[in-house]
Amino acid sequence: MARPVYVTTPIYYVNDRPHIGHAYSTVAADVVSRYARLRGKPTYFLTGLDEHGLKIERRAKEEGLAPQDFVDQMAAPFRSTWEELGCAHDGFIRTTSAQHRDRVQALWKLMQDKGDIYLDDYEDWYCVGCESFKTEKELLEGKICPVHQAPVERIKERSYFFRLSNYTQPLLDYYAAHPEFVRPDARFNEVKAFLAEGLRDLSISRTSFRWGVAVPGDPEHVVYVWLDALMNYVSALGGPAEEGEAPLYDEFWQSSETITHIVGKDILRFHAIYWPAFLMSAEIRLPTQIWAHGWLTVNGEKMSKSLGNFLPPGPLVEAFGADVLRYYFMREVGFGQDGDFSHRNLVNRYNGELANGLGNLMNRIVASIVKKNLGGRVPSVDFDALEDVDRQLIDKATATSSEAAKHIEALAFHRALDSIWELVSAANKYVDSTEPWKLAKQADKTRLEQVCYTVLETLRWLSVLLFPVMPTKCNELRGQIGMGPLLPTEQTDLWPRAWGGLRPGTQTHPATPLFPRFDESQERSILERLGVDKDVAPRSSAK
Ligand code: ME8
């Protein structure tokens with residue numbers, strides 16, 4: 001039995017519209033969940049919005065709107081962006097929903113019953129951008145937050161505290177017992193180093209503003225926005241709840257094989273320290289993995305409000321298509337490392353890898369040789385009569401399938417794509433060396449059929465291997481080789497293993513090229529439309 005898989009993105013603040021940084025995390029989570037579904041695992045993919053807190057309250061005020069009206073308005077562009085990008089989430093949690101509020105209060109009570117919450121006076125520096133208190137040590141000169149480059153505020157109020165200090169040792173023990181709890185390893189070491197200094201108790205309520213979940217039994221206080229936000233992963237499933245009360249919670253939290261939180265490195269500490277400590281306090285099962293990916297710059301520059309270079313995904317999807325952008329995100333930067341989004345590299349990868357590599361393989365065989373010489377039908381072949389060169393390509397496909405699986409399971413998407421592209425190159429080389437156009441002229445039908453079948457079947461394998469990253473293009477590819485769209489089904493593993501799935505006699509349907517190559521003038525006009533200088537080059541110093 002394939003056991004359930006739960007994958008989440010951070011829930012994004014609605015103070016701004018979605019940009020490519022948000023898209024990067026969401027696409028990665030979508031790839032993980034699409035892969036799990038292909039393997040027949042019951043899968044739940046959650047994304048959503050973080051709608052409470054001082055930052056949102058202030059932003060609503062700037063817009064002259066009531067906070068609820070403001071967040072309702074901002075939710076729409078997030079939903080539509082994920083749809084445009086082909087991100088097939090199962091749940092979309094908003095922290096202003098009644099279910100979420102109710103479950104946050106339930107968690108609070110569990111932590112309170114444990115004796116982990118107390119009331120005290122508090123005074124410290126607060127960064128509204130981070131929605132987090134900062135120690136003097138963490139600040140730059142002039143009391144500036146290093147993350148937001150903005151002054152912090154002095155906050156003095158009565159507040160509820162969580163006994164985080166009690167959890168230093170339990171967390172260290174948990175880390176030791178679960179060496180893959182935080183990925184990548186270098187980030188795990190940072191978390192451990194931070195923890196080794198010991199933890200202070202955490203202020204978990206505020207009284208100076210209203211936009212949040214009321215503290216149970218003391219509505220003067222609202223729950224600290226990070227406690228509220230982290231809770232989304234459980235509340236979206238209807239938890240915490242007793243067994244049988246919330247089926248999604250039972251299946252995807254309590255019984256999941258894996259619970260993976262994909263986050264940016266900026267919010268790792270909240271996920272790797274606060275979140276497991278809250279869960280330990282409430283005696284709720286912990287996630288299996290927190291995966292902290294790196295930071296994207298844009299054409300070598302940090303994305304920032306002042307530079308006005310927050311890049312929305314919409315125009316890129318319009319120019320290149322969702323799957324191309326998804327491919328670029330997953331291929332360009334090693335997941336876990338910082339990287340640069342460069343329009344120039346995107347165009348280069350499109351032309352070099354998608355148009356010349358995969359697109360060319362399709363066109364040469366499906367739209368040309370098979371159409372002209374085999375009546376557009378998948379030929380039949382005697383597998384026992386294949387030649388060494390055919391077997392080598394089949395072996396390569398088999399090795400690629402297991403390597404790609406291993407890499408996707410480790411969220412090393414770029415490695416998976418590197419390995420899949422070796423198969424694409426091997427298949428193109430195979431076509432170069434077997435020269436099917438000559439076989440057609442020589443009327444060597446048996447050999448021509450063997451070669452065409454081998455390439456068509458390789459294309460079928462590629463349509464599955466690439467499906468998590470490029471679902472729409474893969475189904476188009478399948479349509480062209482006469483296959484139906486991939487329909488993942490629970491408990492059925494669709495990952496390619498057995499050679500020969502393509503049925504002889506199947507009618508192919510060559511259509512428009514999957515990835516038409518951009519010539520120079522098209523390239524120029526696309527970049528112009530996107531407002532990018534054609535010669536823009538990443539500036540390594542700004543990374
Ligand atoms: O932190 N490169 O929300 P947020 C890569 N609400 N990823 C980026 C990025 C960039 N330049 N910019 C943003 C919050 N991200 C909280 C989260 S979760 C319980 C609460 C991505 O809107 C990355 O995943 O500031 C980062 O962690 C997230 O957006 C921050 O989104």
Side-chain angles (χ1 to χ4, degrees), residues 7-30 32 46-56 59 71 74-75 77-78 81-82 87 91 93-96 100 103-104 107 127-132 145 147-148 187 212-213 223-236 259-276 278-279 287 290-305 307 309-313 328-330 332-342 411 542-543:
V7 189
T8 68
T9 70
I11 50 169
Y12 306 110
Y13 287 127
V14 285
N15 59 322
D16 266 313
R17 295 167 79 85
H19 58 65
I20 58 156
H22 305 127
Y24 184 62
S25 313
T26 312
V27 165
D30 189 61
V32 172
L46 177 73
T47 187
L49 299 175
D50 194 348
E51 303 188 330
H52 285 139
L54 186 53
K55 175 153 69 178
I56 309 291
R59 193 69 181 86
V71 299
M74 293 301 285
F78 280 90
T81 300
W82 305 149
C87 294
I93 171 96
R94 296 183 54 191
T95 54
T96 50
H100 176 75
R103 297 294 81 202
V104 169
L107 176 79
C127 170
V128 180
C130 294
E131 291 283 16
S132 174
C145 164
V147 181
H148 289 89
R187 298 257 165 250
V213 177
V223 175
Y224 173 44
V225 67
W226 268 102
L227 170 54
D228 171 345
L230 286 161
M231 202 30 214
N232 88 87
Y233 302 126
V234 162
S235 76
I259 298 173
T260 308
H261 296 316
I262 291 179
V263 300
K265 65 178 186 181
D266 56 322
I267 55 174
L268 175 58
R269 210 177 276 179
F270 297 98
H271 284 79
I273 296 176
Y274 295 179
W275 180 225
F278 296 153
L279 291 170
I290 318 288
W291 230 107
H293 66 65
W295 212 239
L296 291 185
T297 49
V298 172
N299 296 319
E301 308 273 0
K302 186 175 185 298
M303 274 196 286
S304 82
K305 253 197 181 148
L307 289 173
N309 65 350
F310 275 115
L311 208 59
Y328 177 74
F329 279 148
M330 297 295 97
E332 177 72 15
V333 184
F335 205 63
Q337 272 143 38
D338 292 342
D340 188 49
F341 179 97
S342 139
L411 278 70
K543 274 189 196 173

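One-based numbering, in listed order, for ligands and for the atoms of each. Heavy-atom basis, side chains included; hydrogens, waters and symmetry copies ignored. Please read these numbers as outputs of a predicted model, since none were measured by experiment.
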Can you figure out which of Tyr13, Phe78, Trp226 has its heavy atom closest to atom 4 (P) of ligand 1?
Tyr13
With a 4.0 Å cut-off on heavy atoms, does Lys302 reach ligand 1?
no
Distance-only N or O hit between ligand 1 and Val263, under 3.5 Å
no
May I ask you to identify the nearest protein heavy atom to atom 29 (O) of ligand 1, giving residue, atom name and distance to one decimal place in Å?
His22 CD2, 3.4 Å
Partners meeting side-chain hydrogen bond (donor to acceptor under 3.5 Å, both in side chains) with Lys265 (sequence neighbours left out)
Asp338
Residues two or more places apart in sequence or in another chain: which of them pass side-chain hydrogen bond (donor to acceptor under 3.5 Å, both in side chains) with Tyr233?
His271
Nearest heavy-atom approach of Thr9 to Ala29 is CG2-CB, 3.6 Å
Nearest protein heavy atom with distance in Å, relative to atom 1 (O) of ligand 1:
Ile267 CG2, 3.5 Å
May I ask you to list the atoms of ligand 1 that are less than 4.0 angstrom from any heavy atom of Ala229?
19 (C)
Hey, is the main chain of Cys130 close enough, under 3.5 Å, to the side chain of Trp226 for a donor-acceptor pair?
yes
Ligand 1 contact by Lys265, heavy-atom criterion under 4.0 angstrom
no
Passing option when Thr96 is tested against Val71, Ile56, Val213 for side chain to side chain contact (heavy atoms under 4.5 Å, CB included):
Val71
Is the backbone N or O of Thr8 less than 3.5 Å from a side-chain atom of Thr260, with the two atoms forming a donor-acceptor pair by type?
no
Among non-hydrogen protein atoms, atom 31 (O) of ligand 1 lies closest to Tyr12 CD2, 3.6 Å
Tell me whether Asp266 has any N or O atom under 3.5 angstrom from an N or O of ligand 1.
yes
Paired with His22, the ring-ring contact (aromatic ring centres under 6.0 Å, His included) test is passed by just one of Tyr12, Trp82, Phe329, namely Tyr12
Return a yes/no value for Met303: is any of its N or O atoms, backbone included, closer than 3.5 angstrom to an N or O of ligand 1?
no
In ligand 1, which numbered atoms sit nearer than 4.0 Å to a non-hydrogen atom of Gly294?
5 (C)
Gap separating the OG1 atom of Thr95 from the CG atom of Asp228, nearest 0.5 angstrom
5.0 Å
Quick one: which of Trp275, Tyr24, Trp295 has a heavy atom closest to atom 8 (C) of ligand 1?
Trp295
Once you restrict to heavy atoms under 4.0 Å, what part of Leu296 touches ligand 1? Side chain, backbone, both or neither.
both
Tell me the contacting part of His293 for ligand 1: side chain, backbone, both, or neither, using a 4.0 Å heavy-atom threshold, strictly below.
side chain
May I ask whether His19 has any heavy atom positioned less than 4.0 angstrom from an atom of ligand 1?
yes
If we ignore hydrogens and angles and just use 3.5 Å, is the side chain of Arg59 paired with the main-chain N or O of Asn15 as donor and acceptor?
yes
Is Glu51 salt-bridged to Arg94, going by a charged N under 4.0 Å from an acidic O?
yes
Based purely on interatomic distance, does Asp50 place a nitrogen or oxygen under 3.5 Å from a nitrogen or oxygen of ligand 1?
yes
Identify, for atom 24 (O) of ligand 1, the protein heavy atom at the shortest distance, and state residue, atom and that distance.
Ser25 OG, 2.6 Å
Note the single closest protein heavy atom to atom 17 (C) of ligand 1, along with its residue, its atom name and the distance in Å.
Ile11 O, 3.2 Å
Tyr24 and Phe335 aromatic centres sub-6.0 Å
yes
